[in-house]
2 protein chains.
Amino acid sequence: MSEQKENVQLSERKKQILANVVELYIKTGEPVGSKGLINAAGMSVSSATVRNEMNELDSMGFLEQPHTSAGRIPTQEGYRYYVDHLMKTREVDELTKRLIDAGVSSAVGDPEKLIAKSREILANLTKCATVSTAPVGEMTLIRKIEVVPVGVYSVMMVLLTSNGILKSRLCRSDTEITPSVLEKFYGIAKTFIIGKPAVEITPAYIQTLTAAIEGDYFTMLPLLAAVSELADSVGDSRLVLGGSSNLLSFKDYGSGAVALLEFLSKSEPLTDVINSSKGAFDVRIGSENKYKQLESSSVIVSKYSVNGDDTGTISVIGPTRMDYETIIPSIKYMTDIVGRLITQALEE
Amino acid sequence: MSEQKENVQLSERKKQILANVVELYIKTGEPVGSKGLINAAGMSVSSATVRNEMNELDSMGFLEQPHTSAGRIPTQEGYRYYVDHLMKTREVDELTKRLIDAGVSSAVGDPEKLIAKSREILANLTKCATVSTAPVGEMTLIRKIEVVPVGVYSVMMVLLTSNGILKSRLCRSDTEITPSVLEKFYGIAKTFIIGKPAVEITPAYIQTLTAAIEGDYFTMLPLLAAVSELADSVGDSRLVLGGSSNLLSFKDYGSGAVALLEFLSKSEPLTDVINSSKGAFDVRIGSENKYKQLESSSVIVSKYSVNGDDTGTISVIGPTRMDYETIIPSIKYMTDIVGRLITQALEE
DNA sequence: ATTAGCACTCGAATCGGCAGAGTGCTAATT
DNA sequence: AATTAGCACTCTGCCGATTCGAGTGCTAAT
């Protein structure tokens, strides 16, 4: 709607004003007026001057007024400029650091628990919703398959990946699962499945196996089908949402909160939201998210790396009016520590 | 506050009126007036008569008025009387039955999936929140322990119970976990742990074991600690909440919905709520639940039995103004089918 | 370039009045 | 004795008018 926001050069004072409007609005939730801005930011110019500047920021597209005679609030572009250029990228707060360290310490050693814990901590810290995904990537390998007999016709199939993720499923066959059946299955698994990337163990791949198997493969089929299902669910990347009820306390959403929670509770679109982030760290503000349900929310996605390769994510979802300046360092610190601890836990 | 509600005998007409008020109020959410009641229920008496009867039901404590000149709404005792004596206990609706059957069919054979699915289906069907617990009881035994090497110092410990519940945890030791360590561990497990009820495998019990172990048990400790932790988490009964965002759509809760969701998101009190239900089927209305956060909600807890002994639960939580008449048959049908399917899946 | 001053706009809160739904009571009816 | 018609009464929700205050944009002076 206005000129190139990216390359535009703002005067020092405009930057200062924009930053202060954003920060004050984040703090109070009320539109910021010229008068209020001056004494909150301790500026030594008159309100008229500020009004002039604000007016220009307005027509540049960084600020807007909810109605003619109200203060200003940041537009989506305003937040964007703030996050990109104005925000102080400070270190994580000492207290926060302590809280995170103490919180994860109870879960060191177990990736799954660790991730759950990190979600919980971050939800409490940010008062937003958090989403975590397990560390699954293209190179996540099937490390081990274990078949635990449960009955004559059924077994518990357990699959362990190179990232310490374990998936299991009860599997029932029409025919008796004898030790020799199991032995044959282990043979097949060892040759064709163990060590392969989980993403490659598709139903189609299982199909090709049946040709390679000598003798009757009917007895193998239920077992192999279970394996492919499990391998597939590894790729599900185990997305979990937490703290969503936090979002209800933000007056920003008004009655739209219901629709938002509804949206977040479905895992397919949420997966898409998380996966469409670029790079190791990504802040997406308002309609930068392609889903209209998120148009007044921001999503911060931060990736953690395990052994430098496979990656999971920890994300924070909240209103565009979220406290970027403290949330961003927190989530960065959290992903860093989670990545390191999981790597360490999986160390040979 | 008024005379003995339990033993009180209501005239046929009073019963009819109470039932109709409850049902109409459940349907519309609006206080029910004498006029509206007559033409909704097709009664052939005048509104004045109905008013007189309502007045008496009012002073008996079954109905109340939100304000002097409004229609009547049921009190908690009104709902109670309705559920106990007036409600038609009809069979589950044919369509619902189909939906449930179709829904669970995709998860037959895997208890965990089945339970998750049942939660989801029931949440959609009832538009309320649902809670499920896994089938864990006093007699849930440790069936098998599997130790999968992950690295030199770490293993994935997998524990399978007699109910098909599988729990796992990464476990890291300070000392090298050699095959001989594992062999020794399996020996201990076989003798002292396998076949025992999960609830008995406490840290204290592990303590007593260390005395029984010959040679250095330091290498065993991390492994045994992991086992006890897993056994303990079996008793956690794996409570999961679903469909909580459904509750937001009920205007009944108004702004209290936030607090309710907050309450439900914490698992300790929720566990308590579920566990304090008596018998195989229990409806608790409003303040019959001891938590004040539930004073305008009803909780329906239904137990399913696996092999007749261990039991898990499926529950529905919603406003006191919920559609008992259709929800109750649905949840009963659901628990019945879930119990049967799990029993079948675990059959020898 | 900055600022003081002023007219103007718009939302939020307050208030009275009005319409409607529903009640309880009384007196008439069956 | 039970039912009903009729009526006065009460309370809520809604509409419109009014006021109040915060904040703006513009103009003219510094």
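We name chains A, B, ... by the order of the sequence lines, and we start the count at 1 in each one.
In this structure, B:L24 places its CG atom 16 Å from P of C:dA21, rounding to the nearest Å. The separation between B:E53 atom CD and C:dG22 atom P is 19 Å, rounded to whole Å. Summarising the geometry, the separation between CD1 on A:I17 and C1' on D:dT24 is reported as 15 Å, rounded to the nearest angstrom. The CG-C1' distance, from A:L57 to D:dG25, rounds to 16 Å in whole Å. Per the geometry, CD belonging to A:E12 stands 18 Å off C1' belonging to C:dA1, to the nearest Å. To the nearest angstrom, P of D:dT12 lies 14 Å from CD1 of B:I73. Nucleotide D:dG25 holds its P atom 11 Å from the CG atom of A:L63, rounded to whole Å. Computed from coordinates, the B:N52 CG to D:dT4 C1' distance equals 10 Å when rounded to whole Å.
Checking C:dC15 for Watson-Crick or G-U wobble geometry (two distances, each under 3.5 Å) identifies D:dG16 as its partner. Within the shown strands, C:dT3 is the pairing partner of D:dA28 under the Watson-Crick or G-U definition, both distances less than 3.5 Å.
Between B:R51 and C:dC25 there is no side-chain N or O to OP1 or OP2 distance below 4.0 Å.
For the pair A:V283 and A:Y79, the minimum side-chain heavy-atom distance is 4.5 Å or more. Residues B:E30 and B:Y25 form no side-chain contact, since every pair of their non-hydrogen atoms from C-beta on lies 4.5 Å or further apart.
Of the residues listed (A:L248, A:L247, A:I317), the one engaging A:L260 in a side-chain contact (heavy atoms from CB on, under 4.5 Å) is A:L247, and it is the only one.
Heavy-atom nearest nucleotides on DNA chain D were determined for B:H67 and for B:S46, and the one closer to the 5' end corresponds to B:S46. Along DNA chain D, the nucleotide nearest to A:D58 and the one nearest to B:T49 differ in position, and the one closer to the 5' end is contacted by B:T49.
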List the steps and the verdict of salt bridge (Lys or Arg N to Asp or Glu O under 4.0 Å) for B:D84 and B:R80.
-> CA-CA 6 Å; B:D84 288 346; B:R80 171 51 61 197; 3.2 Å; yes

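The listed nucleotides are D:dC26, C:dT3, C:dT23; the one nearest the side chain of B:R72 is C:dT23. Closest to the side chain of B:A48, out of D:dT4, C:dT3, C:dT9, is D:dT4. When distances are taken from the side chain of A:M54 to each of D:dT24, D:dT3, D:dC11, the shortest belongs to D:dT24. Residue A:N55 places its side chain closer to D:dG25 than to any other of D:dG25, D:dT4, C:dC10. Of the listed nucleotides (D:dT12, C:dG24, D:dT4), C:dG24 has the atom at the smallest distance from the side chain of B:Q65.
With hydrogens and angles ignored, a donor-acceptor pair under 3.5 angstrom links the side chain of A:S69 to the base of C:dT9.
The structure places NZ of A:K332 at 14.0 Å from CD1 of A:I314, a figure rounded to the nearest 0.5 Å. Here CE of A:M60 is found 10.5 Å from CG of A:N55. Values are rounded to the nearest 0.5 Å.
Within residues 26-45 of chain A, the residues approached by DNA chain D to less than 4.0 Å at the level of any non-hydrogen atom are A:G33, A:S34, in residue-number order.
Partners of A:S315 according to the side-chain contact (heavy atoms from CB on, under 4.5 Å) rule, which considers only residues two or more places apart in sequence or in another chain, are A:V131, A:I274, A:V301, A:T313.
In the model, B:T326 has a side-chain atom that pairs as donor or acceptor with a side-chain atom of B:D323 under 3.5 Å.
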